[in-house]
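So that the names make sense, note that chain A is the first sequence line, chain B the second, and so on, each numbered from 1. Below, all heavy atoms of this structure are taken into account, side chains as well, without hydrogens, waters or symmetry copies.
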There are 2 protein chains.
Amino acid sequence: MIEAGARRREIDEVASELFHANGYAATSVRDIAKALDIQGASLYAHVASKEDVLFSIVNRAATDFEAAATAAEAERTSGDPVERLAALVEAHVDVVTSDPERASVFVTEWRHLSADRRAAVADRRDAYERRFRATIEEGMSVGAFRQTDPAIAATFILTALNGIAGWYHPDGRLSADRIADHYVDLALRALSEDHR
Amino acid sequence: MIEAGARRREIDEVASELFHANGYAATSVRDIAKALDIQGASLYAHVASKEDVLFSIVNRAATDFEAAATAAEAERTSGDPVERLAALVEAHVDVVTSDPERASVFVTEWRHLSADRRAAVADRRDAYERRFRATIEEGMSVGAFRQTDPAIAATFILTALNGIAGWYHPDGRLSADRIADHYVDLALRALSEDHR
DNA sequence: CCTACCGATCGGTAGG
DNA sequence: CCTACCGATCGGTAGG
């Protein structure tokens with residue numbers, strides 16, 4: 001038998017593409033249904049509301065980012081804060097490039113969630129950003145990174161990484177791996193001791 | 001007498017705030033009118049369409065970024081590509097922080113423009129990004145920056161800069177000037193020769 | 001800048 | 001998953 005959640009996942013996938021391309025507010029329930037070749041009202045056999053679809057996409061993305069960061073932090077080399085930051089950056093880029101639509105929706109559309117859900121997502125985002133900041137702070141304290149504002153540095157790096165979701169295409173000039181390499185290098189150098 | 005365009009500018013200002021806070025598609029003409037204490041239909045005494053308001057905001061932002069970059073490139077010190085990139089980054093941050101709502105709408109809402117207008121804005125954005133890329137390339141060719149992919153480096157830096165529009169508040173922890181200093185430093189180091 | 005109004009579309013429900 | 005339908009709201013126009 002066909003797995004129960006298959007249609008539900010199809011809805012999220014199709015909706016991710018549409019929300020990414022046109023934005024949540026400019027995408028109608030009927031747009032999503034049309035992409036699935038069903039009637040608009042039929043979508044409500046699978047979901048309770050349009051916002052639930054957005055929430056599902058955003059939650060999945062948040063979970064993916066968290067899991068990837070946890071795996072990165074568990075790597076052998078990650079006792080060294082420099083290597084750990086490299087692993088965190090690489091993991092983030094991997095999540096973005098493996099599903100840029102979902103990542104893009106996560107980054108840009110979460111303001112359309114209800115206040116409660118928005119707050120819950122904000123908490124997870126803050127916690128995630130804190131992992132980057134903590135690693136930057138540790139690198140600074142052991143002298144591997146220069147002294148600078150860790151919050152600004154973390155925000156600088158994370159917004160640059162998230163920007164990839166806005167332009168990445170699997171068939172683009174650079175592979176996901178090469179993009180990750182470049183972004184790791186740029187991020188680490190931004191925190192390096194000397195320049196000029 | 002009150003200047004003719006005053007009301008028109010007020011519309012753009014109020015609309016910038018609403019588009020920034022809720023997005024273009026989720027902001028109704030009546031929302032804009034309400035913020036101006038007039039009736040929804042009365043807005044059409046001043047503008048031909050909702051999209052024209054967005055286009056006006058986006059154009060103004062594009063012009064501001066271009067003018068600031070031109071001024072930065074005209075600085076005495078800008079014969080040196082490192083100093084020129086520093087000036088470009090600082091100018092960009094200045095434009096963003098002097099009107100974060102407008103900058104944010106420029107960065108995130110231009111996809112809601114008609115195809116023609118979107119293409120015109122895309123051209124201006126591309127040309128603007130090329131100025132950053134050209135300066136990075138020049139810095140690389142004179143050995144002031146390390147050899148790396150200039151397009152990726154320019155995108156990395158510009159998306160980080162644009163991200164400021166999403167979180168900057170005039171009464172925040174750091175002043176606009178200090179944010180600019182940090183971002184100049186982070187951007188230049190990202191392109192620096194050595195690390196580790 | 002207002003009142004009055006337009007057709008179209010929105011998210012969602014009822015009942016099968 | 002469908003047909004039929006709901007009230008609300010949308011961007012925009014007419015005519016002052």
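Linking ILVMFWY residues whenever their side-chain heavy atoms come closer than 4.5 Å, directly or via other members, leaves B:F132 and B:V142 in distinct clusters.
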Fill in the dot-bracket string of DNA chain C, one character per base: . for unpaired, | for a pair to another strand, ( ) or [ ] for pairs within the strand, taking Watson-Crick or G-U pairs under 3.5 Å. ||||||||||||||||
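Side-chain contact between A:I179 and A:I164 is present, with at least one heavy-atom pair separated by less than 4.5 Å. By the 4.5 Å heavy-atom criterion applied to side chains, B:V53 and B:R8 are counted as neighbours.
Rounding to the nearest 0.5 Å gives a distance of 10.5 Å between CD of B:E90 and CD of B:E83. One distance of note links CD1 of B:I57 with CZ of B:R60; it measures 10.5 Å at 0.5 Å rounding. Atoms CD and CD1, on A:E10 and A:I32 in that order, are 13.0 Å from each other to the nearest 0.5 Å.
Taking every nucleotide of DNA chain C with any atom under 4.0 Å from a non-hydrogen atom of chain B, the first and last of them, 5' to 3', are C:dC1 to C:dA4.
Neither side chain, A:N59 nor A:R117, offers a donor N or O lying under 3.5 Å from an acceptor on the other. Side-chain contact, B:T159 with B:N162: no donor N or O sits under 3.5 Å from an acceptor N or O.
Among B:R173, B:H182, B:R178, the one residue that satisfies the side chain to side chain donor-acceptor pair (under 3.5 Å) test with A:D149 is B:R173.
For DNA chain C, the residues of residues 18-43 of chain A within the heavy-atom distance limit of 4.0 Å (strictly under) are A:T27, A:S28, A:V29, A:R30, A:A41, sorted by number.
Both the sub-6.0 Å distance and the 45° axial angle are satisfied by B:R125 relative to the ring of B:F106.
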